[in-house]
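Atoms within each ligand, like the ligands themselves, are counted from 1 in listed order.
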Amino acid sequence: MQSARTESMEDAKEMADLEKYRALGGWVEKPDDLQPALEGDVSADVVIVGAGFAGLSAALELAKRGAKVIVLEREFAGFGASGRNAGYLAGALGLEYDLFLKDIGNEKAKQIVRYYEDAVTFVEGKLKEHGIDCDYNQSGLIRAGIHPSQEEKVREGMRIGAELGLQSDFLDEAQMRARGIPTAFLFGNYVPRGGTLNPGKYVMGLRRAALRAGVKIYENTPLLSYTEGAVIQVKTPRGSASAPVLMLATNAYTPQLGLLADKVVPLRISAIETEPLSEAQLAALGWPRREGIVTAHWTMESHRLTAHNTLVLTTKRIHYPYGSKTPNVPDYDQYRELRVALHDRFPTLKGIALRACWSGYISFANDALPVVGTTGANQNVYYAAGCSGHGVAAQSMVGHMIAERIRGTEPPLLAALSHETPATLSEPFRWCVVNGALAGANVLDDLVNRKVRDAAGPA
Ligand SMILES: Cc1cc2nc3c(=O)[nH]c(=O)nc-3n(C[C@H](O)[C@H](O)[C@H](O)COP(=O)(O)OP(=O)(O)OC[C@H]3O[C@@H](n4cnc5c(N)ncnc54)[C@H](O)[C@@H]3O)c2cc1C
């Protein structure tokens, strides 16, 4: 039994860890060359709102095709999920087949799998094209089980994936140990495509490439409103912009602009990052190829090493804020839960201090599929949301594909994304149902976690 003194030392340590909150996420700082806010009236061929992977990828392609492009960013490029994610350059591994397969059928699902898989190759190509060094480790990714009861789920996901064209392998316990994967992860579905990167370096690389290509980025410039028409007028606090085409690359923030509120909800997910591991800790951990690992929980955990030898954990808990709001605030309950996962999965790192904790928003549709299309009387307002937490590759490619469509080429995989997104409930039912479903997932996941802890015995 722990003494009161040990418990209070643990509490104090936990408090110190949780004070590592970073309002900007763990990977980016406000750029030294912050671009001036928009003042006065400007015009362009295309106005893009939001400078994350989607907005910047679209801007780059449009500029390449000779368009005059303006990007309006409320804070600075990478402020949203693009600068806060776990950095998994993942294809179709994270798709939630249960949520859409029945509705869209196998043929469309095959194209969606192809879209996610192609998006990985697309980003790999863009990193080379723009000379972006973002510590990309082409390690492949593993969806792992931490308890035998998860094996059926992993195998079923793998079976459906294979039917839809996703190539992957099942790794049994001997194969996991032979790869040196940390022992908490018993078996897994290994996808060789993709790997992990530093998303901050990636998004800042896109920003630099866009500026080099002549894209005009206005930072500290929120879009306040827009009026539709053949020429769209966009209002910001100290200026306005007009263009025949508007692209809303605002992902989780889109409902606040009065669009897609009935299609997507913003979900808050969090991350913790440890201090760098010592040589001895790294050696004890093994994990020589550093594959990005996600678990087979109902709400997955993600575990990865970074190029600077820290460990980043994300997800495990998800929260929907009432009214589809996206406050930039800490979520200490989520950090605490992630810290528990850190100690459960990596007992040899017990006591390691945290370097940072942060939170961000993904946008989620009821079928967990992308929500991409056009709106407005002139169908000249483009949008791309519903990344469902898997947008490092996908949102990059969708931005590029929307740019192609704007310039008159119809990418076949963009057409494949079009489908009827199921409507969300209105408040307060939305809050109750979404958070109720998430709480149900937590109960099921906690049961598995408890079984694993019981089998391991006292710490
Ligand atoms: C903790 C976390 C972990 C994740 N891990 C992964 C992962 O490992 N792999 C993966 O594939 N995906 C992951 N994701 C999801 C991924 O980060 C997103 O899918 C992706 O970054 C979305 O890119 P985006 O460009 O569409 O949106 P964002 O990056 O969110 O960009 C939207 C931008 O719009 C700006 N904006 C909003 N409103 C306005 C306005 N009114 N005016 C002007 N600008 C505005 C915002 O400031 C923001 O910069 C994760 C997300 C989070 C939060």
Quick check: does [X] get an N/O under 3.5 Å from an N/O on ligand 1?
| X | result |
| --- | --- |
| Trp358 | no |
| Ser270 | no |
| Val392 | yes |
| Leu223 | yes |
| Thr314 | no |
| Ala81 | yes |
| Glu75 | no |
| Leu257 | no |
| Ala384 | no |
| Phe53 | yes |

May I ask you to list the atoms of ligand 1 that are less than 4.0 angstrom from any heavy atom of [X]?
| X | answer |
| --- | --- |
| Ala54 | 25 (O), 26 (O) |
| His390 | 10 (C), 11 (O), 12 (N) |
| Gly360 | 53 (C) |
| Gly80 | 29 (O), 30 (O), 48 (C), 49 (O) |
| Arg84 | 1 (C), 2 (C) |
| Leu72 | 43 (C), 44 (N) |
| Cys387 | 18 (C), 19 (O) |
| Pro222 | 42 (N), 43 (C) |

I'd like to know if [X] and [Y] make a salt bridge, using a cut-off of under 4.0 Å between side-chain N and carboxylate O.
| X | Y | answer |
| --- | --- | --- |
| Glu129 | Lys126 | yes |
| Arg65 | Glu61 | yes |
| Lys68 | Asp45 | no |
| Arg355 | Glu275 | no |

Using the side-chain contact (heavy atoms from CB on, under 4.5 Å) rule, take Trp287 and Leu311 through it: C-alpha gap first, then chi angles, then the decisive distance, then the call. CA-CA 12 Å; Trp287 210 350; Leu311 191 54; 3.7 Å; yes

Relative to ligand 1, is [X] under 4.0 angstrom through side chain, backbone, both or neither, heavy atoms considered?
| X | result |
| --- | --- |
| Gln395 | side chain |
| Asn85 | both |
| Ala271 | neither |

Looking only at heavy atoms of [X], does any of them come nearer than 4.0 Å to an atom of ligand 1?
| X | answer |
| --- | --- |
| Ala249 | yes |
| Thr221 | yes |
| Gly389 | yes |
| Gly87 | yes |

How far is [atom] from its nearest protein heavy atom, and which residue and atom name does that atom have?
| atom | result |
| --- | --- |
| atom 7 (C) of ligand 1 | Tyr88 N, 3.7 Å |
| atom 22 (C) of ligand 1 | Asn251 ND2, 3.5 Å |
| atom 23 (O) of ligand 1 | Ser82 OG, 3.2 Å |
| atom 51 (C) of ligand 1 | Ile362 CG2, 3.4 Å |
| atom 35 (C) of ligand 1 | Glu73 OE1, 3.3 Å |
| atom 39 (C) of ligand 1 | Thr250 CG2, 3.8 Å |
| atom 34 (O) of ligand 1 | Gly50 CA, 3.3 Å |
| atom 45 (C) of ligand 1 | Arg74 CB, 3.6 Å |

Less than 3.5 Å apart, any donor N or O on the side chain of [X] or [Y] sitting next to an acceptor on the other?
| X | Y | answer |
| --- | --- | --- |
| Tyr383 | Thr250 | no |
| Tyr335 | Ser359 | yes |
| Glu273 | Thr310 | yes |
| Ser270 | Asp331 | no |

If you take the centroid of each ring, where Trp contributes its six-membered ring, are [Y] and [X] closer together than 6.0 Å?
| X | Y | value |
| --- | --- | --- |
| His303 | Phe346 | yes |
| His390 | Tyr88 | no |
| Tyr190 | Phe170 | no |

Do we get [X] above [Y]'s six-membered ring, with its NZ or CZ under 6.0 Å from the centre and within 45° of the axis?
| X | Y | value |
| --- | --- | --- |
| Arg74 | Phe79 | no |
| Lys20 | Trp358 | no |
| Lys325 | Tyr322 | no |

Nearest heavy-atom pair of Val120 and Gly91: which atoms, and what distance?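 Smallest interatomic distance, heavy atoms only, reads CG2-N, 3.4 Å.
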
Measure the CD1-CD distance between Ile402 and Glu404 for me, rounded to the nearest 0.5 Å.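 If we round to the nearest 0.5 Å, Ile402:CD1 and Glu404:CD are 11.0 Å apart.
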
With sequence neighbours left out, which residue pairs that include part of residues 219-231 fulfil the side chain to side chain donor-acceptor pair (under 3.5 Å) condition?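 The answer is Arg207-Glu219.
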
From the list Glu427, Arg430, Gln256, side-chain hydrogen bond (donor to acceptor under 3.5 Å, both in side chains) partner of Ser324 resolves to Arg430

